[in-house]
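Residue numbers start from 1 in every chain, and the chains themselves are labelled A, B, ... in the order their sequence lines are given, proteins ahead of strands.
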2 protein chains.
Amino acid sequence: MSDGDKSVVGRLRKLIGEGHFQTGERLGEVAVAEQLGVSRTPVRLAFRTLEQEGLLQRAGKRGFMVREFTEVDVRCAVEVRGVLEGLAARRLAEQGLSAALADELQVWIQKGRDLLAKGHLVERDADAWSELNRHFHEIIVGSAGSPVIGDAIARNNHLPFAAADSLIIDSEALDREYRKLQLAQLQHELIVQALRHGEGARAEMLMREHAFIGLRYGELLGLGRAPGGEGRYD
Amino acid sequence: MSDGDKSVVGRLRKLIGEGHFQTGERLGEVAVAEQLGVSRTPVRLAFRTLEQEGLLQRAGKRGFMVREFTEVDVRCAVEVRGVLEGLAARRLAEQGLSAALADELQVWIQKGRDLLAKGHLVERDADAWSELNRHFHEIIVGSAGSPVIGDAIARNNHLPFAAADSLIIDSEALDREYRKLQLAQLQHELIVQALRHGEGARAEMLMREHAFIGLRYGELLGLGRAPGGEGRYD
DNA sequence: GGACTTTACTTTGGATCCAATTATAACGCC
DNA sequence: GGCGTTATAATTGGATCCAAAGTAAAGTCC
């Protein structure tokens with residue numbers, strides 16, 4: 001989604017997300033243009049886009065500055081996403097799952113089971129889960145019959161969440177991650193159950209709670225606080 | 001907010017909202033630039049902004065096209081706004097209203113009562129209510145302690161809702177509007193009540209329902225369908 | 001010595017120019 | 001006559017240039 005993005009917007013997004021600019025730092029068009037080896041024009045276009053995405057904010061008439069993201073911002077963004085995905089889940093439950101959709105969701109549930117079945121994680125499993133998780137959520141949001149929800153979520157997710165794509169190196173971190181993913185898997189299964197049974201309110205509630213798995217479940221699972229952010233916010 | 005906006009973005013927003021371009025119509029940079037009497041550069045910048053706002057969408061590499069807004073889009077956008085404002089209301093209720101904030105809300109409640117006290121509307125009252133309503137909602141969203149909710153709502157409201165700012169001319173329309181505003185006022189008062197009592201779930205529910213006043217309450221109040229959209233979606 | 005004014009420089013906004021990609025249309029071939 | 005190919009026109013993306021606004025600094029006056 002943003003790795004192979006060679007556009008100026010994509011590159012800037014990456015740079016900002018990786019913290020190459022200090023928060024609150026003023027970004028000059030010329031400086032950035034030189035740094036990226038392009039002219040001012042694409043940078044100007046990119047600045048406007050990134051402003052709308054919320055990564056930059058206007059600094060009066062002195063151009064733009066990197067928006068600060070406090071911990072509160074992150075929590076609130078996660079909360080908003082949870083609420084929006086909760087809405088999608090409720091809609092989906094209330095409108096009734098088609099058999100095809102139920103099967104499709106079940107596929108990803110099964111993939112999750114397979115992934116976690118061997119009782120531990122290897123490094124690349126985290127990426128596999130990330131992909132799986134993305135599909136799972138996209139299916140629900142995309143099938144809710146509301147063209148607006150997906151857009152709203154997408155706009156919100158421009159905030160640098162996954163930026164701290166926690167590097168999992170030692171086995172201890174892998175073990176922490178494994179326990180987290182087990183919980184996420186359980187939540188996924190409960191959500192699908194609610195969707196199947198047409199339990200809109202329950203599906204919504206579960207989805208809202210599920211959004212906080214990266215934020216609120218750490219201490220509970222004895223995960224402590226992951227370094228550099230609090231792990232993935234799936 | 002968008003009347004005196006002389007910027008290219010503002011003017012284009014207005015033109016699109018007023019339907020000067022057909023939905024699905026391809027917008028060429030040169031054509032628009034000439035029509036607005038400016039060069040291509042500001043138009044290009046504006047297009048990127050309007051794309052992010054959701055008013056335009058890319059037409060492959062053939063530039064941009066005016067996004068179509070179906071009735072479903074509007075309903076879903078209203079739903080999303082309701083959910084987000086509902087979140088704000090719940091947060092506010094749960095964190096507890098300060099005395100100052102309670103007073104401030106009460107001021108606008110009273111203004112609403114005063115406005116509707118005389119038993120009927122005159123034309124300019126609709127604008128007064130619009131202003132009042134805006135303040136009321138902004139206070140709640142702005143005081144929820146979540147910097148993200150307001151942004152998300154703002155982004156969502158770029159969709160051309162209030163565009164069809166229904167011209168109220170005849171007394172019959174004024175009467176319909178009056179009954180609608182009475183209901184809105186009641187909902188406002190209930191919401192404040194819930195906020196005061198710290199009833200988060202109830203505040204959220206009421207706010208969600210309140211969002212639909214422009215869409216779902218027409219037939220119930222014998223308002224029929226307002227011409228040119230369905231009236232204001234306050 | 002401090003504050004105000006003026007000047008020079010930095011920086012953004014707008015316009016024009018050039019290149020590259022793409023769509024359209026014309027032409028030729030099967 | 002239809003389809004494929006080629007060439008031309010149109011349009012977007014990128015670069016450079018000019019103007020306007022603002023900031024910072026230097027100088028002067030009180």
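Comparing dG13(D), dT16(D), dT16(C) by their nearest atom to the side chain of Thr41(A) picks out dT16(D). Relative to the side chain of Arg40(A), the nucleotides dT16(D), dG13(D), dT11(C) differ in distance, and dT16(D) lies closest. Of the candidates dG13(C), dT16(D), dG13(D), dG13(C) carries the atom nearest the Glu29(A) side chain, counting heavy atoms from C-beta on. Between dT12(C), dA15(D), dT12(D), one nucleotide has an atom nearer to the side chain of Val38(A) than all others, and that is dA15(D). Listed candidates were dT11(D), dT16(D), dA23(C). Nearest to the side chain of Ser39(A) is dT16(D). Nearest to the side chain of Pro42(B), among dG13(C), dA15(C), dT12(D), sits dA15(C). Which of dT11(C), dT11(D), dG13(C) sits closest to the side chain of Val30(A) comes down to dT11(C).
Between the P atom of dT24(C) and the CZ atom of Arg62(B) lies a distance of 6 Å, rounded to the nearest Å. To the nearest angstrom, P of dT11(D) lies 13 Å from CD of Glu25(B). The separation between Leu27(B) atom CG and dT11(D) atom C1' is 13 Å, rounded to whole Å. Rounded to an integer number of Å, the gap from Met65(A) CE to dT11(C) P is 16 Å. As rounded to whole Å, 12 Å separates atom P of dT11(C) from atom CZ of Phe47(A). We find that CG of Leu45(B) is positioned 12 Å from P of dG13(D), with the value rounded to whole Å.
The aromatic rings of His210(A) and His188(A) stand perpendicular to each other, their planes meeting at an angle above 60°, with 30° marking the opposite boundary. Aromatic ring orientation, Trp108(A) versus His135(A): parallel (interplanar angle below 30°, classes split at 30° and 60°).
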>> Assess the residue pair Leu45(A) and Val8(A) against the criterion (side chain to side chain contact (heavy atoms under 4.5 Å, CB included)); give the C-alpha distance rounded to whole Å, side-chain angles, the decisive distance to 0.1 Å, and a yes or no.
In response: CA-CA 9 Å; Leu45(A) 294 171; Val8(A) 175; over 6 Å; no
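The environment of Arg62(B) atom CZ is sparse: at most 12 non-hydrogen atoms of other residues, nucleotides or ligands sit within 6.0 angstrom.
Looking at Arg44(B), its side chain has no donor and acceptor atom pair within 3.5 Å of the base of dG14(C).
With hydrogens and angles left out, the side-chain atoms of Asp73(B) and Thr70(B) include a donor and acceptor closer than 3.5 Å.
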